[in-house]
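Only this structure's heavy atoms are used, side chains among them; waters, hydrogens and symmetry mates stay out.
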Amino acid sequence: MFDVWKNVLAEIEQQTSPANFATWFQDTSLVTAKDGHVIVGVKNSFYVKQLRARYYDLIEKALENNGIKVKDIDFEVVLKSKNKVRPREVTTPKPIKEHIKTIRATRKEPGPSSNGLNPKYTLDNFVVGSNNELAVAAARSIISSPGSRYNPFFLYGGPGLGKTHLIQAIGNALLQDNPDYKIFYTPISHFYSDFIDAIQKGKGKEFNLKFQKLDCLIIDDFQFIVNKEKSQEEFFNIFNDLYQLNKQIIITSDRLPSQIKTVDERLASRLTWAGAFDLQLPKFEDKCAILRAKAELIGAEIEPEAIEYIAENVNTNIRDLEGEFSTLLLMSEVRGLTPLELIENGSVSVNKTSKLRPTSPKQVVDKVAKYYQLTTKEMCSKSRVSNIKNARQVAMYILSEELNLSTNKIAAEVGVKDHTTVMHGIKKIKNDLKLNFLLREQIEEIKEKIYG
Ligand code: ADP
Ligand code: MG
């Protein structure tokens, strides 16, 4: 019906610069044009003011040129879903720098508490959506009767989807209900290093005893379990002891045990005896709900359109969603503009899409260097200083594994003279990976940064 709007736009396009046209007219529509009362649909209230002030005459002329009589023109916010909402006044967010610091801090590993639990992670601030409702239902069941139906509780899913948050929340809730409960949260990598430490100090028995006394053991990031090490055997023993005593065991991993090459088959099957629950990527509505909850939590004001913009454009994970949200709020405070104004004037552009986004060799090299706090030039130098050399070899390894580059190409990318050095470097990292769980974690983190 309003195809005529296309013609109007075509005319306006000729009379404005491409940039202005794209900024101001791209998402406009004709809502009605009854009896000369024209209503133009726009994306948000920011456009209402600007279009009225700057382009009223131009629009009026273009409408008349296309046979539409104009008595007056009004602008109305029309959401993409075609729901109409009233233009709303936008207020500046409250000071929030401190809050953002707290958000950032809580994203780090748990605080110094000896049970490894960080009280910031609760079920109250874990937003339930279609991406996690089954896992949350199981979590609630564990809290009301630990050590029964969902034991062990195996939770898996990609990075940044809420695994740590949810299992920490279970731990905190259990502790709240049973203050004497002995709960221990540990990433598997710390379990491993503590174990080695204990053995070296001749305190293997104490280590084992400490775990046997627990009422609930929470192991995070199980994918970093090390193969054919005493630690895996030790973990298996502890697991069996606790399980037989009906103590709750909670484990997360980025994939199913059967997909972790390094894990003993018996252990792998035991971990999922009680089923496996996964956390999925949040859908648009889930993302909006999470952002709204975060805003409420820190008392920040952010326009619904800005929330929708972030939700629409961050398609990787919840960690990234939070990251973009915090950055936007921080910028908003620094620049004295509302989040939506920042989006509208192009100061921010969020575009975090698929994990499979293609990446260039240069990006990989830069990201690896940055991760190891080196400049690309330093990393790609001839230096034989061990941390620089190690970073260079990690870059070689990732270029080979992820981009399938030939060793000759890799040599050129990382500034070494021949491909045998590259072959040696890749082999070195592959070997190290067998035993070095820290290196594995680092490489996973780098990949997250590359694809995130
Ligand atoms: P993972 O352990 O799976 O890598 P995290 O538990 O660290 O992910 O979650 C990443 C961030 O996203 C954390 O800050 C966490 O609080 C937040 N988060 C994840 N899921 C939710 C949710 N459903 N509701 C609120 N915040 C969430
Ligand atoms: Mg985690």
Criterion side chain to side chain contact (heavy atoms under 4.5 Å, CB included) against Lys428, the qualifying member of Gln393, Met396, Met423: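 Checked Gln393, Met396, Met423 against Lys428; only one passes side chain to side chain contact (heavy atoms under 4.5 Å, CB included): Gln393.
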Option passing side chain to side chain contact (heavy atoms under 4.5 Å, CB included) with Leu242 (candidates Asp215, Leu217, Asn151):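 When side chain to side chain contact (heavy atoms under 4.5 Å, CB included) is applied between Leu242 and each of Asp215, Leu217, Asn151, only Leu217 qualifies.
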Report yes or no: do [X] and [Y] form a side-chain donor-acceptor pair below 3.5 Å?
{"X": "Asn118", "Y": "Gln168", "answer": "no"}
{"X": "Gln442", "Y": "Tyr372", "answer": "yes"}
{"X": "Lys120", "Y": "Asn125", "answer": "no"}
{"X": "Thr122", "Y": "Asn172", "answer": "no"}
{"X": "Thr186", "Y": "Asp220", "answer": "no"}
{"X": "Ser347", "Y": "Asn345", "answer": "yes"}
{"X": "Asn208", "Y": "Glu206", "answer": "no"}

Geometric cation-pi criterion, Lys163 with Tyr156: 6.0 Å, 45°: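 Geometry flag: not set, cation outside 6.0 Å or 45°.
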Backbone of Leu174 reached by a side-chain donor or acceptor of Asn178 within 3.5 Å: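 Yes; at least one donor-acceptor contact below 3.5 Å.
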Parallel, tilted or perpendicular: ring planes of Phe277 versus Tyr150, cut at 30 and 60 degrees: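 Because their plane-to-plane angle is over 60°, the rings of Phe277 and Tyr150 count as perpendicular.
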Phe235 and Phe239 aromatic ring geometry - parallel, tilted or perpendicular at 30°/60° bounds: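 Phe239 and Phe235: tilted rings.
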Ion pair Lys294/Glu322, N-O distance below 4.0 Å: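 So Lys294 pairs with Glu322 through a salt bridge.
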Verdict with reasoning, Ile249 to Phe153, per side-chain contact (heavy atoms from CB on, under 4.5 Å): CA-CA 6 Å; Ile249 301 163; Phe153 178 54; over 6 Å; no
Any Met379 side-chain heavy atom under 4.5 Å of Val365 side chain: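 Yes. Closest side-chain heavy atoms under 4.5 Å.
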Side chain proximity check, Phe184 to Cys216, heavy atoms < 4.5 angstrom: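 When only atoms from C-beta onward are counted, Cys216 and Phe184 do not touch, as no gap falls below 4.5 Å.
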Gln176, CD atom: more than 12 neighbouring heavy atoms under 6.0 Å: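 No, because the 6.0 Å sphere around CD of Gln176 holds 12 heavy atoms or fewer from other groups.
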Heavy-atom neighbours of Arg140 CZ exceed 12 at 6.0 Å: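 12 or below, so no.
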Verdict with reasoning, Leu328 to Tyr309, per side-chain contact (heavy atoms from CB on, under 4.5 Å): CA-CA 11 Å; Leu328 188 59; Tyr309 174 84; 5.8 Å; no
Check against side chain to side chain donor-acceptor pair (under 3.5 Å), Asn115 and Tyr185: CA-CA 6 Å; Asn115 60 16; Tyr185 162 95; over 6 Å; no
